[in-house]
Amino acid sequence: MAAQTDRGVPLSTLSPKFLHTNSTSHTWPFSAIAELIDNAYDPDVSAKQFWIDKTVVKGEVCLSFMDNGNGLDHETMHKMLSFGYSDKIAVNGLEPIGIYGNGFKSGSMRLGKDAIVFSKSKSISCIGMLSQTYLEKIGAKQIIIPIISFENKKSNRNIL
Ligand SMILES: Nc1ncnc2c1ncn2[C@@H]1O[C@H](COP(=O)(O)OP(=O)(O)OP(=O)(O)O)[C@@H](O)[C@H]1O
Ligand SMILES: [Mg+2]
C-alpha cells in the first residue's frame, strides 16, 4: 500500500473496491438516477433542463445524463469525484437536497462501472473520470481520478 502520511500519522485510504460497495446502497437503479437529477436541481448547479439518453460507444451501452446548469471547475470536479465533501448552501430560499458528498459516487457506480464527467462553463471546461475498469486494469491500490481542465480562450486553449 502506498504510504501516505500526514506528519507521520497514517491517512485513511479508500480501496477501489469501495466504489462498488458504496453503490449497493441503491437497491434499484431509479434511486441512483435520482441522485444525478438531484445534483442538477440543487442551488449550486440550478439546471433548468435535464436530458437522459442511451447510446452505444464502441459496443458498450452507455447512459448519458446532461444538464444545463452552472457546471464546475477543477477544484469542484476533484470534490465531485472524492467522498464526503459537500458545501452546498441555500440560494434564494432553495434548500439543497445534497448534504453528504456521496450521491454522485454511489449513484453513478450503481448504474455503470465507469463514469466520465464533462463540464463546460463560460471560462473553463473540465473532464474527470471515475472508472472501476481503469483502476482494475492498472492494478490501482487506491482510487485515482484523472482530471483535466482547459481555459476557454479563443486564442489559445490552455490545458491547466
Ligand atoms: N451536475 C452537476 N453539475 C455541477 N456540479 C455537480 C453536479 N453534480 C455534482 N456536482 C458537484 O459534485 C459534488 C458531489 O456530488 P454528490 O452528489 O456526490 O454530493 P452532494 O450532492 O454534495 O451530497 P449528497 O451525497 O447528499 O448527494 C456536489 O457537491 C457538487 O459540487
Ligand atoms: Mg448529490
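Just so you know, ligand 1 is whichever comes first in the structure, and atom 1 is the first atom listed for that ligand. Starting from 1, each residue takes its place in the sequence as its number.
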Review point. With distance as the sole criterion, is a donor-acceptor pair present between the side chains of Asp53 and Ser64 under 3.5 Å?
Key: no
Exercise for review: Describe, in one word, how the ring planes of Phe18 and Phe83 are oriented to each other, choosing from parallel (under 30°), tilted (30 to 60°) and perpendicular (over 60°).
Suggested key: perpendicular
Exercise for review: May I ask you to identify, for Asp38, whether its side chain, its backbone, both or neither come under 4.0 Å of ligand 1 on a heavy-atom basis?
Suggested key: neither
Review point. What residue and atom, counting heavy atoms only, is the protein's closest point to atom 30 (C) of ligand 1, and at what distance?
Key: Asp44 OD2, 3.5 Å
Exercise for review: Below 4.0 angstrom from a heavy atom of Lys105, which ligand 1 atoms are there? Numbered from 1 as shown, please.
Suggested key: 14 (C), 18 (O)
Check your understanding: Of the protein's non-hydrogen atoms, which lies at the shortest distance from atom 4 (C) of ligand 1, and what is that distance?
Key -> Val45 CG2, 3.3 Å
Exercise for review: May I ask you to check if any N/O/S atom from Asn39 comes under 2.8 Å of the Mg ion (ligand 2)?
Suggested key: yes
Exercise for review: Scan side-chain atoms only and decide if Asn102 and Asn22 contain a donor-acceptor pair under the 3.5 Å cut-off.
Suggested key: yes
Review point. Is there side-chain contact between Ile89 and Pro43, with heavy atoms separated by less than 4.5 Å?
Key: no
Review point. Between Gly103 and ligand 1, is there a nitrogen or oxygen pair with a distance under 3.5 Å?
Key: yes
Practice item. Can you measure from CD1 (Ile145) to CE (Met80) and round to the nearest 0.5 angstrom? Key: 11.0 Å
Exercise for review: Please identify which atoms of ligand 1 are closer than 4.0 Å to at least one heavy atom of Ile99.
Suggested key: 23 (O), 24 (P), 26 (O)
Study note, to complete from the structure: A student checking ligand 1 against Leu72 at a 4.0 Å heavy-atom cut-off should list atoms 4 (C), 5 (N), 6 (C)
Point to revise | Approximate separation, where rounding is to 0.5 Å, of His78 NE2 and Cys126 SG | key: 11.0 Å
Revision key, fill the gap. Note: ligand 1 atoms sitting under 4.0 Å from heavy atoms of Ser86 are 20 (P), 22 (O), 23 (O)
Point to revise | Protein contact to atom 16 (P) of ligand 1 [nearest heavy atom, distance to 0.1 Å] | key: Phe104 N, 3.4 Å
Point to revise | Ion pair Lys79/Asp87, N-O distance below 4.0 Å | key: yes
Review point. In terms of side-chain geometry, is the basic nitrogen of Glu136 or Lys113 positioned less than 4.0 Å from the acidic oxygen of its partner?
Key: yes
Point to revise | Closest to atom 29 (O) of ligand 1 (judged by heavy-atom distance), picking from Lys88, His78, Glu75, Met66 | key: Lys88
Review point. Going from OG1 on Thr76 to CD1 on Ile124, what distance comes out if it is rounded to the nearest 0.5 angstrom?
Key: 9.5 Å
Practice item. Give the residue, atom name and distance (to 0.1 Å) of the protein heavy atom nearest atom 15 (O) of ligand 1. Key: Asn39 ND2, 3.8 Å
Practice item. With heavy atoms only and a cut-off of under 4.0 Å, state how Asp67 meets ligand 1: side chain, backbone, both or neither. Key: side chain
Exercise for review: First locate atom CG of Leu36, then atom CD1 of Ile52, and finally report the distance between them rounded to the nearest 0.5 Å.
Suggested key: 8.0 Å
Check your understanding: Thr76 heavy atoms, cut-off 4.0 Å: which ligand 1 atoms fall inside?
Key -> 31 (O)
Check your understanding: Which of the atoms in ligand 1, numbered in the order shown and given with their element, are less than 4.0 Å from a heavy-atom of Glu35?
Key -> 27 (O)
Point to revise | Atom indices of ligand 1, in the order listed, that fall short of 4.0 Å to a heavy atom of Tyr100 | key: 23 (O), 24 (P), 25 (O), 26 (O)
Review point. So is there a nitrogen or oxygen of Asp42 less than 3.5 Å from a nitrogen or oxygen in ligand 1?
Key: no
Practice item. Please confirm whether Gly101 comes under 4.0 Å of ligand 1, counting heavy atoms of the residue only. Key: yes
Practice item. Look at atom 13 (C) of ligand 1 and say which protein heavy atom is nearest, naming residue and atom and giving the distance to 0.1 Å. Key: Met80 CA, 3.9 Å
Check your understanding: About how many Å separate OG of Ser125 and NE2 of His74, when rounded to the nearest 0.5 Å?
Key -> 13.5 Å
Check your understanding: If every non-hydrogen atom of Met109 is compared with every non-hydrogen atom of Leu19, which pair is closest and at what distance?
Key -> CB-O, 3.6 Å
